[in-house]
Amino acid sequence: MKAQENKTGLPLVQLGVTRPEELTALFADLRGRFDDDCACACDESTWKVFRDRWLGRKSGVLTQITDNWLKPATPELKRAVGASLNELRSHVESQIEARRAAIESGAEEAAVARERVDLSLPGVIHPIGSHHLICQVFQEIEDIFFSIGFSVVEGPEIETPYYNFEALNIPEFHPVRDDMDTFYIDLPKGAATPLLLRTHTSPMQIRAMEKRKPPVRVIVPGKVYRRDNPDATHSFMFHQVEGLAVDTDITFCDFTGTIEYFVKQFFGAGVKTRFRPSYFPFTEPSVEFDVSCIFCGGSGTAAGGGACSKCKGAGWIELFGAGMVDPAVYGFVDYDPKKVSGFAFGMGIDRLAMLRYGIDDIQVFFQNDVRFLRQFP
Ligand code: PHE
């Protein structure tokens with residue numbers, strides 16, 4: 001470029017050009033240089049510099065030729081210089097435009113290539129989840145009770161003290177309320193009734209009996225809440241399945257037979273059951289149901305000798321509370337205690353799942369660690 005700039009910077013006389021024929025070589029040389037230069041403009045920014053070098057108004061090559069060669073040319077040269085210059089100008093302008101178009105479409109092609117969707121790539125796999133273990137156990141329990149004529153109902157997790165306590169024969173200052181540290185809900189002053197997170201699914205006994213006349217056979221799966229500090233066996237939220245059967249002739253035998261049927265379906269035909277006296281204000285008599293230890297087969301002795309760590313050598317594991325519905329409860333739902341009888345039970349699902357699947361920390365149910373959850377597809 002230097003040589004060329006020098007040439008176009010000087011008048012023709014100084015270049016020793018005096019005859020029109022001598023212009024041919026001069027312009028051919030310029031055209032060759034332009035073509036070389038053009039080939040080097042391969043992106044937008046180098047193309048701009050290139051364009052200005054040749055077409056720039058003040059000091060572009062064509063301006064220089066006009067100023068230094070054409071304007072001061074002798075009359076016999078002027079025509080020829082003008083003609084050659086026009087020819088060169090049209091070549092320069094068309095090539096610069098062609099180059100711009102080429103660069104633009106090249107950039108477009110590159111972008112298209114970059115953004116192209118490669119349909120041959122394997123797709124993104126969205127793993128399909130599965131039911132949480134607690135859900136699976138709920139379903140298993142529901143199926144067992146379905147098969148013997150129970151239906152499933154659900155109820156509110158936010159309850160009134162009436163349903164959670166009073167109608168279950170637990171009046172306000174009854175000491176049993178101390179066992180159920182309760183979450184009360186902050187309500188605006190003047191609210192009609194206090195509200196609380198239900199501490200058990202038993203309020204649904206009342207709601208179910210209010211809604212239908214005997215016979216009633218329902219189970220109620222759901223979440224319950226207590227102000228328990230979290231540890232391996234406690235959580236402020238856990239799950240229960242309540243059961244209630246009320247009819248005109250339900251006996252204690254129906255009660256224990258039903259529970260035994262359930263326990264054998266759930267844990268296997270080989271287990272034994274027993275019940276011990278217990279106390280709940282809404283059942284009379286009340287019992288605690290035990291199952292023979294599923295880890296040591298009820299022997300109380302671990303496989304390698306010594307006491308079984310799961311049942312602490314007792315051979316029995318406490319399962320859940322139950323009992324015959326206390327006649328006082330019927331008074332709250334307009335059932336005639338002289339005509340009807342029934343039984344109720346309330347089992348902790350998390351506990352049942354832990355026993356059945358050998359899980360020793362209730363917290364894993366709620367930590368949502370997929371490594372745990374994937375074990376129960
Ligand atoms: N509601 C009781 C509890 O949560 C369990 C229970 C239910 C006991 C039904 C007897 C009858 O501890």
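Ligands are counted one by one from 1 in listed order, and the atoms in each one are counted from 1 as well.
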Determine whether the aromatic ring centres of F376 and Y357 lie less than 6.0 Å apart.
yes
For E140, all residues meeting side chain to side chain donor-acceptor pair (under 3.5 Å), sequence neighbours excluded:
R356
Taking the six-membered ring for Trp, are W69 and F27 ring centroids under 6.0 Å apart?
yes
As a test of reading the model: which residues have a non-hydrogen atom less than 4.0 Å away from ligand 1?
H200, S202, Q205, R226, Q240, E242, F280, F282, T283, G321, A322, A344, F345, G346
Of F150, F145, F255, which meets ring-ring contact (aromatic ring centres under 6.0 Å, His included) against F262?
F145
D350 (side chain) donor-acceptor with H239 (main chain) under 3.5 angstrom
yes
Could you check whether any side-chain N or O of S292 sits under 3.5 Å from a backbone N or O of K272, counting only pairs where one atom can act as donor and the other as acceptor?
yes
